[in-house]
There are 2 protein chains.
Amino acid sequence: MFKVNKLTDYATVLLIEIARRKVVQSSQHIAEQTGIPSPTVAKIMKSLNRAGLVASRRGASGGYSLERAAELITLADVIQAVEGPIALTACADTSDEHCNIESICPVQGKWNRANTAVRAALTQVTLADMVADMTMFGVPQHVAQTTAAE
Amino acid sequence: MFKVNKLTDYATVLLIEIARRKVVQSSQHIAEQTGIPSPTVAKIMKSLNRAGLVASRRGASGGYSLERAAELITLADVIQAVEGPIALTACADTSDEHCNIESICPVQGKWNRANTAVRAALTQVTLADMVADMTMFGVPQHVAQTTAAE
DNA sequence: AAATACAGGACTAATTCAGTCCTATTTACC
DNA sequence: GGTAAATAGGACTGAATTAGTCCTGTATTT
Ligand code: FES
Ligand code: FES
């Protein structure tokens, strides 16, 4: 199945939780709210911070908050933060958008168009969209565990 | 990194090889042409056949040929054939397009839009496009090994 | 100064993927 | 009709990736 990492799915849950409450929340607190184990939450939050999606504050009463509005955070951003670059096939390119040896690489040529198309698709979907789609179904996200219980 | 399986990349190489020569080719022969190990080629070809992307002929002088024109085979088709359904997050849905429990599933709601967008993106890219992109770079695909050899 | 919370990274366990191989069935050709 | 060529299906193993945990260090508040 063609899918994103589990951690990426978690990441969206965490970001949505942070977006809902506007205040700074500790990694620990977010874990309790979402039901995701706190070491894992900590790991993901570090990635999100390094990618500049959330702002962090150290020390007592520190924690995380969104760096920008949910409308400005795209799925492409989240995936890149957690999994690294969006490139449908393995490539030496880790940096920007274009690989500098692609002219001699027989693999990338054919996947270029696909990469671009997928990146564009994922850039169209924002965090705000995901929140909207969720509430459309009338399900507050912390019900996850309740419904899972048989 | 957000990427497709290695086998899916192989599959595109195989399909391109089949598209170039118009005749029926055996799995063995395709393996020799592309440099991909023949048991692996056999495995992939079976998937492609089950998905209806290639036609097979058993028996002596049998082999595979494209079921339809390269313009009509999309990347979404290839990925689905090799990896199964395109669903960015795990879901009970294995069948068509819609999961029948999605109304009570807090995960899928938020990913629905993304799934649709990615599927659409991958449907836009055809095998014919990939061939064109490759030849644009002037690299016949079997050079892969040559360039890889340091 | 002490407590709280993030930063970075090493490490292990679990899962998934890639690759191989075996047996059965179908078809061409002599 | 018999033999060889080729696909169909599926079981199995080893490799690679991912998920999850934990430890040590640094910054900040009280
Ligand atoms: S390695 Fe970058 S284009 Fe192939
Ligand atoms: S399991 Fe199908 S929508 Fe969640």
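Lettering of chains follows the sequences in order, A, B, ..., and the numbering in each one begins at 1. Here the structure is a predicted model, which means the values were calculated and not measured. The basis for the numbers below is simple: all heavy atoms, side chains too, and nothing from hydrogens, waters or symmetry mates.
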Let me know the distance between [atom1] of [X] and [atom2] of [N], rounded to the nearest Å.
| X | N | atom1 | atom2 | answer |
| --- | --- | --- | --- | --- |
| A/Arg58 | D/dT29 | CZ | P | 12 Å |
| A/Gln25 | C/dT4 | CD | P | 18 Å |
| A/His29 | C/dC6 | NE2 | P | 12 Å |
| B/Glu67 | D/dT7 | CD | P | 16 Å |
| B/Leu14 | D/dT7 | CG | C1' | 15 Å |
| B/Lys43 | C/dA18 | NZ | P | 8 Å |
| B/Gln28 | C/dC21 | CD | P | 13 Å |
| B/Ile44 | C/dG19 | CD1 | C1' | 10 Å |

Report task. State plainly whether one hydrophobic cluster holds both B/Val24 and B/Leu15, where clusters connect Ile, Leu, Val, Met, Phe, Trp and Tyr through side-chain heavy atoms under 4.5 angstrom apart. Result ->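 As far as the 4.5 Å side-chain criterion goes, B/Leu15 and B/Val24 are not connected within one cluster.
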Query raised in the report: Please walk me through it: do B/Phe2 and A/Val118 pass side chain to side chain contact (heavy atoms under 4.5 Å, CB included)?
Result: CA-CA 10 Å; B/Phe2 185 60; A/Val118 168; 4.0 Å; yes
Requested in this report: Tell me yes or no: between the side chains of A/Arg113 and B/Gln124, is some donor less than 3.5 Å from an acceptor?
Outcome: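 No, because no side-chain N or O of A/Arg113 sits under 3.5 Å from a partner of the opposite role on B/Gln124.
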Between [X] and [N], is there a side-chain N or O to OP1/OP2 distance below 4.0 Å?
| X | N | value |
| --- | --- | --- |
| A/Ser26 | C/dC6 | no |
| A/Tyr10 | D/dT18 | no |
| A/Ser61 | D/dT28 | no |

Report task. Could you check which residues of residues 47-57 of chain A get a heavy atom under 4.0 Å from DNA chain D? Sort them by number, please. Result ->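 Nothing qualifies; none.
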Requested in this report: Give one of base, sugar-phosphate or nothing for B/Lys46, where a contact means two heavy atoms less than 4.0 Å apart.
Outcome: base
Can you give each donor-acceptor pair under 3.5 Å made by side-chain atoms of residues 66-79 of chain B, sequence neighbours left out, with the distance rounded to 0.1 Å?
from    : atom 1 : to      : atom 2 : distance (Å)
B/Arg68 : NH1    : B/Leu72 : O      : 2.6
B/Thr74 : OG1    : B/Ala76 : N      : 3.4
B/Thr74 : OG1    : B/Asp77 : N      : 3.1
B/Thr74 : OG1    : B/Asp77 : OD2    : 3.1
B/Asp77 : OD2    : B/Thr74 : N      : 3.0

Query - CD-NE2 distance between A/Glu17 and A/His29, expressed to the nearest 0.5 angstrom - result: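 It comes to 7.0 Å.
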Report summary line: Rounded to the nearest 0.5 angstrom, the CD1-CG distance for A/Ile86 and A/Asn115 is 9.0 Å
Query raised in the report: B/Ala60 side chain: which of C/dC6, C/dA28, D/dT7 is closest?
Result: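 So the nucleotide nearest the side chain must be C/dA28.
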Query - Of the listed nucleotides C/dT25, D/dG20, C/dA28, the one nearest the side chain of A/Leu7 - result: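 Of the options given, the side chain of A/Leu7 lies nearest D/dG20.
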Query raised in the report: Please walk me through it: do A/Thr12 and B/Trp111 pass side chain to side chain contact (heavy atoms under 4.5 Å, CB included)?
Result: CA-CA 10 Å; A/Thr12 61; B/Trp111 284 95; 3.7 Å; yes
